Engineer: 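Shown below is the structure under consideration.
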Amino acid sequence: MPAALEGHGTQAEEIGVLGEAALADGVRGISHAPYKSGVIGINDAASPQAGPGVQGVGKVGAGVVGESERWHGIYGKTDSTIGGAGVMGEGAAGGPGVLGKSQHWHGVYGETSAAGTTGAAAVWGENKADGTGVVGHSAHGTGVYGKSDTGAAGIFDGKLEVRGDLDVAGDIKLLGGDLAELFASRTATRPAEPGTVMSLDENGTIAPSAAAYDKKVVGVIAGAGSYRPGVILDAGCGEQARPIAMVGKAYCRADASYAPIEVGDLLTASPTEGHAMKATDPSRAFGAVIGKAMAALPEGTGLLSIVVTLR
């Protein structure tokens, strides 16, 4: 069936159809047929610079308005495999690229059927400068809410900063091995490594221990072997600060040349710098115990797993 109104532009810059009105719609398209459109705009140019099928320009009002009584006001679809979007919005001079607003449901809703291995997200926010990727704000409710039926409600891959109270209804599981606290370390050419036994000096800073049954011993530098601190307290001690394991499991440098170490033995500082040894003298061990051995070290030196029990 021929079109009710058809126009062809045959010359460059010539308009196919022009509609203009002073007090009414410039162009109106109405279709009474099911699944047919009131107006169709097609641009079949093969050039990468091809223009849009339909373009709306509003000098003061909206460029394009889509309205529906029962379904989507505007529907966009693309078959692009190189990143073309079904709908794209761009704010060139200060406004948002896309603004979503609803009186009774979500302002913006994103949905995807892509598998998790693709990395696709229902909603993705990316800031290519130094601002925030996604911001959630609420006047009286929750700023950001995350929920998963079988996975994690939220994953933070990087540093997490909390500016306020933290309320936890469930358990807190810290995958690190111990609770550590920062101590200011004596300036040295080479910082002491994790697992090193450390003692206080007269200035209140710490350095590797080097005396048997040293009562100034404060513990072991956390982070050796497979254990990492679950919690580190007292931030702000400076660049030379070292985390000392205070509670929990840690790896400790030990020397078994003074006596073989067995599981359950109490450990104290040894004459070997930065190493622990078996506490064989109870009268000297009081106040100098670092922890209890969780593994045996029959001879020589090595990295030994211990339960930190300062006493």
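These values consider heavy atoms only, across backbone and side chains, with no hydrogens, waters or symmetry-generated copies. Small disclaimer: the values here were computed from a predicted structure and weren't measured.
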Engineer: Is any side-chain heavy atom of Val308 closer than 4.5 Å to a side-chain heavy atom of Ile290?
Structural biologist: no
Engineer: side-chain contact (heavy atoms from CB on, under 4.5 Å) between Tyr75 and Ser68: does it pass, once the steps are laid out?
Structural biologist: CA-CA 11 Å; Tyr75 174 78; Ser68 173; over 6 Å; no
Engineer: Kindly indicate whether the side chain of Thr272, heavy atoms from C-beta on, has any atom under 4.5 Å from the side chain of Tyr258.
Structural biologist: yes
Engineer: Please name all residues satisfying side chain to side chain donor-acceptor pair (under 3.5 Å) with Asp171, sequence neighbours left out, ordered by chain then number.
Structural biologist: none
Engineer: For the residue pair Ala180 and Pro243, what are the closest heavy atoms and their distance?
Structural biologist: CB-CB, 4.1 Å
Engineer: Just by distance, with hydrogens left out, do Tyr227 and Ser305 show a side-chain donor and acceptor under 3.5 Å apart?
Structural biologist: no
Engineer: Is there a path of hydrophobic side-chain contacts, each under 4.5 Å between heavy atoms of I, L, V, M, F, W or Y residues, that connects Ile172 with Val231?
Structural biologist: yes
Engineer: Could you measure the distance from the CG atom of Asn43 to the CD atom of Gln55? Nearest 0.5 Å is fine.
Structural biologist: 10.5 Å
Engineer: Got a donor-acceptor contact below 3.5 angstrom from the Asn203 side chain to the Thr205 backbone?
Structural biologist: no
Engineer: So which atom in Gly146 and which in Ala153 form the shortest heavy-atom distance, rounded to 0.1 Å?
Structural biologist: O-CB, 3.4 Å
Engineer: Do we see a donor-acceptor contact under 3.5 Å between the side chains of Asp214 and Ser199?
Structural biologist: yes
Engineer: Which pairs, with at least one residue in residues 149-170 and sequence neighbours excluded, count as a ring pair (Phe, Tyr, Trp, His ring centres under 6.0 Å)?
Structural biologist: none
Engineer: Can any side-chain N or O of Thr142 pair as donor or acceptor with the backbone N or O of Val144 at less than 3.5 Å?
Structural biologist: no
Engineer: Please report the shortest heavy-atom distance between Leu304 and Ala295, naming the atom on each side.
Structural biologist: CD1-O, 3.3 Å
Engineer: What's the spacing between Arg242 CZ and Ile206 CD1 if we round to 0.5 Å?
Structural biologist: 8.0 Å
Engineer: In chain order, what residues pass the side chain to side chain donor-acceptor pair (under 3.5 Å) check against Glu126, with sequence neighbours excluded?
Structural biologist: Trp124
Engineer: Taking C-beta and beyond as the side chain, do Ile221 and Met198 meet within less than 4.5 Å on heavy atoms?
Structural biologist: yes
Engineer: Under 3.5 Å, side chain of Ser37 to main-chain N/O of Val39, donor-acceptor pair present?
Structural biologist: no
Engineer: What distance separates Lys292 NZ from Thr309 OG1, expressed to the nearest 0.5 Å?
Structural biologist: 6.5 Å
Engineer: If you count every heavy atom of other residues, nucleotides or ligands that lies below 6.0 Å from His137 atom NE2, does the total exceed 12?
Structural biologist: no
Engineer: Hydrophobic clusters here meaning ILVMFWY residues chained together by side-chain heavy-atom distances under 4.5 Å, can you tell me if Leu266 and Met294 are in one?
Structural biologist: no
Engineer: Who pairs with Asp178 by side chain to side chain donor-acceptor pair (under 3.5 Å), at least two apart in sequence or on another chain?
Structural biologist: none
Engineer: Please check this pair: side chain of Ser209 against backbone of Ala211, looking for a donor-acceptor N/O pair closer than 3.5 Å.
Structural biologist: no
Engineer: Identify, with sequence neighbours excluded, every residue that meets side chain to side chain donor-acceptor pair (under 3.5 Å) alongside Arg163.
Structural biologist: Glu161
Engineer: Side-chain contact, heavy-atom cut-off 4.5 Å: Met246 with Leu310?
Structural biologist: yes
Engineer: Looking at CD1 of Ile261 and CD of Glu299, how far apart are the two atoms once the value is rounded to the nearest 0.5 Å?
Structural biologist: 12.0 Å
Engineer: Do Lys147 and Tyr145 come within less than 4.5 Å of each other through their side chains, counting heavy atoms only?
Structural biologist: yes
Engineer: Under the salt bridge (charged side-chain N to carboxylate O under 4.0 Å, His left out) rule, collect the residues that match up with Asp201, sequence neighbours excluded.
Structural biologist: Arg186
Engineer: Check whether any side-chain N or O of Ser270 sits under 3.5 Å from a backbone N or O of His275 as a donor-acceptor pair, and report yes or no.
Structural biologist: yes
Engineer: What closest approach, in Å, do Pro208 and Ala192 show between heavy atoms, and which atom pair accounts for it?
Structural biologist: CG-CB, 4.2 Å
Engineer: Which hydrophobic side chains are connected to Trp71, either touching it within the sub-4.5 Å cutoff or through other members that do?
Structural biologist: none
Engineer: In chain order, what residues pass the salt bridge (charged side-chain N to carboxylate O under 4.0 Å, His left out) check against Arg311, with sequence neighbours excluded?
Structural biologist: none
Engineer: Please report the interatomic distance CG(Leu297) to CG(Asp255), rounded to the nearest 0.5 Å.
Structural biologist: 8.0 Å
Engineer: Tell me, please, which residues at least two apart from Glu193 pass salt bridge (charged side-chain N to carboxylate O under 4.0 Å, His left out).
Structural biologist: Arg190, Arg253
Engineer: Assess, by modelled atom type and distance only, whether the side chains of Asp281 and Ser283 contain a donor and an acceptor separated by less than 3.5 Å.
Structural biologist: yes
Engineer: For Trp105, what are the other residues in its hydrophobic cluster, where any two members join if their side-chain heavy atoms are less than 4.5 angstrom apart?
Structural biologist: Tyr109
Engineer: Report yes or no: does Thr268 contribute a side-chain atom to a donor-acceptor pair with the main-chain N or O of Ala288 at less than 3.5 Å?
Structural biologist: yes
Engineer: Quick check against the 3.5 Å criterion: does Thr78 have a side-chain atom that pairs as donor or acceptor with the backbone of Ser80?
Structural biologist: yes
Engineer: Can you check whether Leu233 reaches Leu179 side chain to side chain, under 4.5 Å on heavy atoms?
Structural biologist: yes
Engineer: For Thr112 and Ala120, which heavy atoms make the closest approach, and how far apart are they?
Structural biologist: OG1-CB, 4.3 Å
Engineer: Report whether Val220 and Val217 are members of the same hydrophobic cluster (ILVMFWY, side-chain heavy atoms less than 4.5 Å apart, transitive linking).
Structural biologist: yes
Engineer: On a heavy-atom basis, which atom in Val218 and which in Ile244 lie closest, and how many Å separate them?
Structural biologist: O-CG2, 3.6 Å
Engineer: Checking Tyr213 now: which residues fulfil ring pair (Phe, Tyr, Trp, His ring centres under 6.0 Å) with it, not counting sequence neighbours?
Structural biologist: none
Engineer: Sequence neighbours left out, what passes salt bridge (charged side-chain N to carboxylate O under 4.0 Å, His left out) with Asp25? Give chain and number order.
Structural biologist: Arg28
Engineer: Check whether Val197 and Val289 end up in the same hydrophobic cluster, where Ile, Leu, Val, Met, Phe, Trp and Tyr are linked by side-chain heavy atoms less than 4.5 Å apart.
Structural biologist: no
